[in-house]
Number of protein chains: 2
Amino acid sequence: MTDLVRIPPNLQAVADAAGVHRSTASRALNPATRHLVAGDVAGRIIETARQLGYRRDAIAASLRTGRSRLVGVVVPDIANPVFGPILRGIESALASAGYSCLLANVGRDEAEQMRLVEELMERRVDGLILATARKDDPVLGACLDAGTPTVLVNRAEERERASAVVSDDRAGMILAVRHLASLGHRRIGHLAGPQDLSTGALRREGFVAAIRQLGLADENAWIEAAAYTREAGEVAAAEILSRFDVTAIAAANDLLALGAYRAVAARGLRCPADISIVGHNDMPLVDMVEPPLTTIRISHLRMGEEAARLLLRGIESPGSKPERIVTEPELVRRASTAPPR
Amino acid sequence: MTDLVRIPPNLQAVADAAGVHRSTASRALNPATRHLVAGDVAGRIIETARQLGYRRDAIAASLRTGRSRLVGVVVPDIANPVFGPILRGIESALASAGYSCLLANVGRDEAEQMRLVEELMERRVDGLILATARKDDPVLGACLDAGTPTVLVNRAEERERASAVVSDDRAGMILAVRHLASLGHRRIGHLAGPQDLSTGALRREGFVAAIRQLGLADENAWIEAAAYTREAGEVAAAEILSRFDVTAIAAANDLLALGAYRAVAARGLRCPADISIVGHNDMPLVDMVEPPLTTIRISHLRMGEEAARLLLRGIESPGSKPERIVTEPELVRRASTAPPR
DNA sequence: CGATTTTGTGCAATCGATTGCAGCGATCTT
DNA sequence: AAGATCGCTGCAATCGATTGCACAAAATCG
């Protein structure tokens, strides 16, 4: 009855109990090296380990091997519905390869971001996934300088110094504008996202390109929202409505689109009767809002999975070329868009 | 120019460069032990470390100290909007205490849950936060047996063998039913959550209690949904509508409530004109659905923060009594409830 | 049957930081 | 002035697993 505070068995204890050397026990317990040990001996060791309730110490193993099987995941806001699916995709792909996620939630403050990444490095993460990239991201620079394999997800840089998994934001916005044009809209405004993010900039580019391609009026009818939030969307949408004579708004993001719903209502207009609105992302629940939001669907889950896979490849074979995976967005027609009156 | 693959400096290197012993460098670099070192020497060491770009190896430190400053966080589904805020609360509270989150997303399979927790233990987490607890949870049992400080969040067990942070689910549902009764509803149904979860069971209890307190009809007018999803909600709500003659439905969860919207529409009824519906959680966006959902608000962010704080306390002072924090839910009136016709 | 290869196990160094203990010189006490 | 105290630094053990190398025993070959 002296096991009140039982000291957990280590490899030495297992080896002693099985009557072999530490090193033999280590080999027997590791599937990758098990073939070096005689079958019966390995069996005995494994059984002894089980009986003693032996649990491998990943920390000690990491110290010796230099690999932590840990990946740092940096997101701008876990509470934002689009990052949930991304995170889940990352987590599941990593878990099935024996890696775990170290989660870091960061604000927009760059110094803070640096501090957090630094802390992840101290923990000797084998790699990093950043969902926070700006168009020219100093944090990414720091990761690369440190020689840590890094992958961007959702947002990317312009230059390709790191692997990235993104949606084709430009094409997505073109899809949105074409849809509006096909309904008969000729005067379309763009509720743009923050221009220092690739999503914001590329979707705006897509907007301009689509307007030109289709020979529509005023490729400059866009306003940049201060952030990807409903509140910022409402403010910017109000400005679009007051400054431009448009019948439709293509928003860079679903939250912005929902903000636009408010601005439209505030002016006594109705969607889609007076103003059509199309979003971007197809977040959970936007099919239930009123009117159900027409939007551009992005598979965030798959993006997360692909990012994890890319990172794992980068970890296995260091020095491999950066790769870019671009997923195809898709138009989801609901009820927030209709022909102009 | 031989620093192509520069070997990162360790403590020894810093000590050598500063002309002191490893141990002195260690003490100087650690704020908690810095006072043991002469001011000028400490300054020199810190400066040398900075110049060399020294980065402390948390793995090695963990091995020596036995503390990893890592907390395992187990959630049932990161993509579910309620867990985002919880996670953010946990992360921010932990981060400000120097701890990081190891994220594990698990399904309902118990063996898989055990495997994942086992893996977290191998990584020598200092504590665990489970958002997955069932009413009698074997996984929690395993954590407790292993002597790992563990805190439950959002869902709890009946017996108090571990600290927990939950909403007052019973009171929340009473709030919902009273609200309906105050509008004049007398025949109310309950769209219950899974009964093996504390949230599902307690909210149902609250429903029964409220019906009795208010002297209303049929405390048995409830159906259990198979899961907290819109689909399961739609199925169960359809059954309620076909089996009971009710004018209102109190749902155990917002997603279930949204499923009920569908079921109501499918029967050619309207909400709230024909059937009032109240949800639970106040998830993001439920204020934008049609009709805007009347629901019970729970501060998931704060729950996450409190859980982290409780865990930190448990880590600091092992063997302390389990504690339970119950947050007060609040009714949010929107447009899905109205007087019966 | 001797020589050679194969197979299996043990030995000991190693990863990098932390910390109890001892020792040294300087200051303080009586 | 001898002894006690204090502040600072160095020494060396330690955490637990992994792995290159050496070596012995067994198996194979000519």
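Lettering of chains follows the sequences in order, A, B, ..., and the numbering in each one begins at 1.
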Determine all donor-acceptor pairs shorter than 3.5 Å in which one atom belongs to a side chain in residues 130-137 of chain B; sequence neighbours excluded.
| unit_1 | atom_1 | unit_2 | atom_2 | d |
| --- | --- | --- | --- | --- |
| B:Lys135 | NZ | B:Gln195 | O | 3.4 |
| B:Asp136 | OD1 | B:Arg159 | NE | 3.4 |
| B:Asp136 | OD1 | B:Arg159 | NH2 | 2.7 |
| B:Asp137 | OD1 | B:Val139 | N | 2.8 |
| B:Asp137 | OD2 | B:Arg134 | N | 2.9 |

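- With respect to A:Arg313 and A:Glu323, a salt bridge is recorded, a charged nitrogen being found less than 4.0 Å from a carboxylate O.
- First and last contacts of DNA chain D with chain B, using any nucleotide atom under 4.0 Å from a protein heavy atom and ordered 5' to 3', fall at D:dC8 to D:dG16.
- Comparing B:Thr24 and B:Ile59 by the nucleotide of DNA chain C that holds the closest heavy atom to each, the one mapping nearer the 5' end is B:Ile59.
- Of the residues A:Ser100, A:Ser62, A:Ser68, the one that meets the side-chain hydrogen bond (donor to acceptor under 3.5 Å, both in side chains) test with B:Arg123 is A:Ser100.
- B:Leu36 has its CG atom 12 Å from the C1' atom of C:dG20, to the nearest Å.
- The interatomic distance linking A:Asp40 (CG) with C:dT7 (P) rounds to 16 Å, in whole Å.
- Taking the nucleotide of DNA chain D with the nearest heavy atom to each of B:Arg124 and B:Val20, the more 5' of the two is matched to B:Val20.
- Within the 4.0 angstrom heavy-atom criterion, only backbone atoms of the sugar-phosphate kind lie near B:Arg56; the bases stay farther away.
- Ion pairing between a basic and an acidic side chain is recognised when a charged N comes within 4.0 Å of a carboxylate O; A:Glu47 and A:Arg44 show no such pairing.
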List, one per line, each side-chain donor-acceptor pair under 3.5 Å for residues 74-85 of chain A, sequence neighbours excluded.
| unit_1 | atom_1 | unit_2 | atom_2 | d |
| --- | --- | --- | --- | --- |
| A:Asp77 | OD1 | A:Ala79 | N | 2.9 |
| A:Asp77 | OD1 | B:Arg88 | NH1 | 2.9 |
| A:Asn80 | OD1 | A:Val82 | N | 3.0 |

Full working for salt bridge (Lys or Arg N to Asp or Glu O under 4.0 Å) between A:Arg124 and B:Asp57: CA-CA 7 Å; A:Arg124 294 279 127 93; B:Asp57 188 320; 2.6 Å; yes
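- Two residues, B:His21 and B:Thr65, neighbour DNA chain D, and the one matched to the more 5' nucleotide by heavy-atom proximity is B:His21.
- Nearer to the 5' terminus of DNA chain C, by closest-nucleotide assignment, is the contact made by A:Gly39 (compared with the other of A:Arg22 and A:Gly39).
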